[in-house]
Amino acid sequence: MSEEKSLNFLEEIVETDLKNGKYKSIITRFPPEPNGYLHIGHAKSICLNFGLAKDYGGRTNLRFDDTNPVTEDTEYVESIKEDINWLGFDWSNEFYASDYFDQLFIHAVTLINKGLAYVDDSSAEEIARLKGTPTEVGKDSTYRSRSIAENIVLFNEMKEGKYKDGEKVLRAKIDMSHTNMLMRDPIIYRIKHAHHHRTGDKWCIYPMYDFAHGQSDSIENITHSICTLEFIPHRELYDWLIYQLETFPSHQYEFARLNMTYTVMSKRKLLQLVNEEHVSGWDDPRMPTICGFRRKGYTPLSIRNFCEKIGVAKRENLIDLSLLEFCVREDLNETAKRVMVVLDPIKLIITNYEEGKTEELHSENGPDETMGSRALPFGRELWIEREDFMEEPAKKWFRLAPGAAVRLKSAYIVKCESFEKDDFGKIISIHCSYFPDSKSGNDTSGIAVKGTIHWVSVAHAKTAEVRLYDRLFQVENPSAEEGDFKEYINPNSLEIISQAFIEPSLEKAAKDDRFQFIRKGYFCLDKDATADKLVFNRTVTLKDAWGKMKI
RNA sequence: UGGGUUAUUGUGUAAAGGUAGCACUACAGAUUUUGAUUCUGUCUGUCUAGGUUCGAAUCCUAGUAACCCAACCA
């Protein structure tokens with residue numbers, strides 16, 4: 001018996017529709033507005049839409065919802081396409097809502113001819129006032145009773161450019177006392193004398209979201225139009241338009257958007273972070289954008305796995321950042337090359353090791369033997385991590401301390417004999433003796449040590465800048481806190497180590513390489529790296545049981 | 001004083017009247033030349049109150065809480 005995999009509610013809907021023969025195959029769509037960069041919340045939607053089609057043998061269109069020329073730009077179109085591809089998905093068609101402007105105009109005329117739409121000359125303020133409130137019914141506009149013929153003339157004049165922005169709108173004629181605010185004669189066309197990134201200056205009237213989006217779905221024969229919870233009230237209008245226009249009956253289904261701890265997910269807030277320079281840009285590795293995660297070193301697989309693990313449902317959620325971190329560690333643990341880098345150096349001198357001597361040692365590149373090994377130069381003087389030495393060792397301390405011995409990874413066991421301090425009491429060097437017969441691979445010393453530390457040969461070390469990223473916010477849910485969310489920005493979200501010591505093999509680091517700096521975390525090369533200056537980003541730390549114990 | 005949606009451990013997500021499961025987190029232990037990985041184990045849950053039933057997370061009734069809706073944004 002094969003274990004029955006439990007389905008999320010959307011998969012159940014699709015399976016039922018397919019089983020009942022409602023559709024022969026499904027078509028979904030991912031409908032970004034090209035006015036910003038994609039974030040991890042979009043990744044959830046992408047995985048859902050493309051994943052559903054992939055799992056059930058359907059297709060997915062990429063459709064840019066470009067009905068507001070004022071805020072949209074081709075720059076965003078390109079970045080969105082890049083991000084979707086990077087995540088590992090391909091679309092069946094690349095469409096634009098603006099491709100349908102002619103058809104949408106005809107649909108609008110149809111509504112007018114059916115007496116279901118009218119041109120309103122009221123100001124925005126007046127329209128808002130007459131709309132009422134959720135608890136108070138609206139009132140009809142005085143223009144609501146215009147004749148069909150007059151509406152046709154006026155709407156065409158709107159299209160011809162006879163009116164200025166805001167002078168007139170086209171509204172659906174539904175019900176000003178409807179309990180659903182969206183059904184109170186929603187605006188479906190407005191005048192905007194603006195240049196559109198695709199249609200140029202052909203149009204000066206543009207359809208509103210509810211009109212354009214739903215009918216674009218119909219035009220593309222989208223079977224399952226999946227969106228987030230806040231669009232639930234829109235569904236009634238979505239269905240009304242399909243019914244009145246007698247177009248393909250696409251159906252809208254809603255799921256809860258992704259929220260994650262220690263970050264914000266709204267486009268508006270992310271834009272603020274960029275504009276007010278709290279981060280370096282949309283692809284700042286601290287941003288929850290897809291390009292931010294990419295630059296930080298996250299893999300497409302890890303993000304897809306994350307989207308799989310968080311599930312899909314209709315209740316508000318706040319996902320632990322630790323789950324995402326688990327996913328990226330899970331992937332990188334298997335694939336990242338192990339290397340040694342010392343971030344906060346202190347010099348270790350092996351007093352009984354011949355001066356000027358160099359040995360070539362070897363170390364495994366990863367847990368899987370097929371990853372091979374690499375040469376590692378070893379000498380009398382080494383850089384080790386400052387935090388790996390304690391003058392007065394804590395209990396359960398496995399690392400270096402006066403009189404204590406540790407294994408130097410892939411090298412020898414050393415024992416601390418003494419250490420030196422400068423005038424300020426800062427330790428500047430540690431003197432050790434080594435056991436020649438403890439060499440890694442053929443250790444005959446019989447000495448057992450509890451700790452193993454990483455190191456880099458002073459004589460062979462190269463340098464690099466290393467950027468250590470931490471969570472962008474200090475609180476779990478900055479959006480839910482009192483006051484401005486930016487008050488909760490973590491002031492220590494970026495620590496730059498301008499000169500870390502790296503093992504020589506890292507000089508050949510390439511763009512898509514992933515590394516584990518042993519005992520320190522996963523890292524990748526940053527786009528700022530040049531031939532003269534390497535720059536690494538920390539993708540994520542390793543789990544740190546000792547670090548937790550200390551607290 | 002309206003309408004809509006949702007409620008299962010710290011966080012997510014399953015269970016379609018029949019043993020509340022899985023993952024992350026946390027904690028404990030084993031292994032470890034990364035205090036990583038791996039392995040083993042432990043803790044915590046059905047919003048509340050009634051009802052129906054042999055049996056309720058699931059059905060009924062009444063509450064409660066959270067989120068969404070008053071852009072010529074999407």
Side-chain angles (χ1 to χ4, degrees), chain A residues 5-8 12 31-33 35-36 65-68 70-72 97 120 122-124 127-129 131-138 165-171 178-184 187-192 205-206 208-210 212-213 227-236 254 256 261 267-268 309-327 329-330 333-334 338 340 363-364 367 396-399 406-411 413 438 440-441 443 449-454 476 516-521 541-549:
Chain A
K5 182 185 172 281
S6 67
L7 304 175
N8 66 49
E12 274 179 17
E33 185 189 12
N35 71 344
D65 236 331
D66 55 351
T67 57
N68 186 359
V70 179
T71 57
E72 295 154 4
D120 195 331
S122 308
S123 66
I127 288 175
R129 195 179 63 79
K131 196 158 200 174
T133 67
T135 56
E136 207 179 321
V137 297
D165 288 9
E167 245 183 276
K168 285 181 166 49
V169 291
L170 183 70
R171 292 228 253 171
H178 203 112
T179 51
N180 182 347
M181 297 290 288
L182 284 154
M183 298 297 274
R184 318 240 262 229
I187 294 168
I188 56 177
Y189 260 97
R190 79 289 217 191
I191 301 169
K192 275 183 195 281
I205 56 170
Y206 293 93
M208 295 285 287
Y209 166 82
D210 287 296
H213 190 96
C227 61
T228 47
L229 252 29
E230 67 269 28
F231 290 96
I232 289 174
H234 295 250
R235 191 174 63 228
E236 197 169 10
E254 311 85 9
T261 55
K267 240 184 221 180
R268 199 194 94 249
K309 281 180 204 287
I310 58 177
V312 182
K314 297 190 77 156
R315 73 183 96 118
E316 295 287 334
N317 59 79
L318 184 63
I319 307 283
D320 268 341
L321 177 62
S322 59
L323 181 60
L324 215 209
E325 294 185 337
F326 167 83
C327 291
R329 287 189 189 110
E330 183 184 43
N333 176 49
E334 290 179 13
R338 312 294 132 128
M340 293 202 275
S363 188
E364 72 280 2
K396 288 205 167 174
W397 178 254
F398 297 165
R399 285 116 93 158
V406 293
R407 156 80 59 189
L408 294 170
K409 172 71 182 171
S410 300
I413 291 173
S438 68
S440 190
D443 180 357
V449 291
K450 293 282 266 199
T452 299
I453 65 172
H454 60 281
E476 281 205 338
Q516 185 197 110
F517 292 1
I518 286 183
R519 303 206 307 135
K520 297 271 66 166
T541 59
L542 257 29
K543 277 180 77 175
D544 182 11
W546 172 250
K548 247 181 262 168
M549 249 167 95

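Here is how names work: the chains are called A, B, and so on, in the same order as the sequence lines, proteins then strands, and each is numbered from 1.
For the side-chain hydrogen bond (donor to acceptor under 3.5 Å, both in side chains) test, no residue two or more places apart in sequence or in another chain qualifies with A:Lys131. With sequence neighbours excluded, the residues forming a side-chain contact (heavy atoms from CB on, under 4.5 Å) with A:Pro367 are A:Arg338, A:Met371, listed by chain and number. Legend: residues meeting ring-ring contact (aromatic ring centres under 6.0 Å, His included) with A:His178, ordered by chain and number and at least two apart, are absent. By the salt bridge (charged side-chain N to carboxylate O under 4.0 Å, His left out) test, A:Glu12 is found to be paired with no residue, residues two or more places apart in sequence or in another chain being considered. In this structure, the side-chain contact (heavy atoms from CB on, under 4.5 Å) partners of A:Lys314, at least two apart in sequence or on a different chain, are A:Phe9, A:Leu229, A:Glu254. Taking the side-chain contact (heavy atoms from CB on, under 4.5 Å) definition, one finds that A:Glu330 meets it with A:Asn305, A:Lys309, A:Phe326, sequence neighbours left out. Taking the salt bridge (charged side-chain N to carboxylate O under 4.0 Å, His left out) definition, one finds that A:Arg190 meets it with nothing, sequence neighbours left out. Listed by chain and number, the residues in a ring-ring contact (aromatic ring centres under 6.0 Å, His included) with A:His454 amount to none (sequence neighbours excluded). Remark: A:Asn35 engages A:Glu33, A:Thr71, A:Glu72, A:Lys267 in a side-chain contact (heavy atoms from CB on, under 4.5 Å) (not counting sequence neighbours).
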(request) Would you give a per-nucleotide map of nucleotides 14-26 of chain B, 5' to 3', where B means the base has a protein non-hydrogen atom under 4.0 Å away, S means only the sugar-phosphate does, and - means neither? (result) SSB-------SSS

(request) At under 4.0 Å between heavy atoms, which parts of nucleotides 68-74 of chain B does protein reach? Answer with one letter per nucleotide, 5' to 3': B base, S sugar-phosphate only, - none. (result) SSB-BSB

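Contact record, A:Ala256 with A:Asn317: CB-ND2, 3.7 Å, taken as the closest heavy-atom pair.
A:Arg184 comes within 4.0 angstrom of nothing in the nucleic acid, heavy atoms only.
Ring pair A:Phe231/A:Tyr209 is tilted by interplanar angle, where 30° to 60° counts as tilted.
Going from the C1' atom of B:rU61 to that of B:rC24 covers 38 Å, rounded to whole Å. The same atom, P, is picked in B:rA28 and in B:rU37; the two are 15 Å apart, to the nearest Å. Separation of the C1' atoms belonging to B:rA7 and B:rG45 is 13 Å when rounded to the nearest angstrom. If you take atom P in B:rU42 and the same atom in B:rA23, they sit 13 Å apart, rounded to whole Å. B:rC43 and B:rG21 have their P atoms separated by 11 Å, with the value rounded to a whole Å. Going from the P atom of B:rA26 to that of B:rG10 covers 15 Å, rounded to whole Å. For B:rA15 and B:rU1, the C1' atoms lie 40 Å apart once the distance is rounded to whole Å. Atom P of B:rU8 sits at a distance of 14 Å from the matching atom of B:rA66, rounded to the whole Å.
A donor-acceptor contact under 3.5 Å is not formed by the side chain of A:Ser410 with the base of B:rU33. Judged by distance alone with a 3.5 Å cut-off, a donor-acceptor contact links the side chain of A:Arg399 to the base of B:rG35.
Picking from B:rU34, B:rU5, B:rU11 the nucleotide with the shortest atom distance to the side chain of A:Gln516 gives B:rU34.
The strand RNA chain B forms stems, runs of 3 or more Watson-Crick or G-U wobble pairs with distances below 3.5 Å, at B:2-7 with B:64-69, B:10-13 with B:21-24, B:26-30 with B:38-42, B:47-51 with B:59-63.
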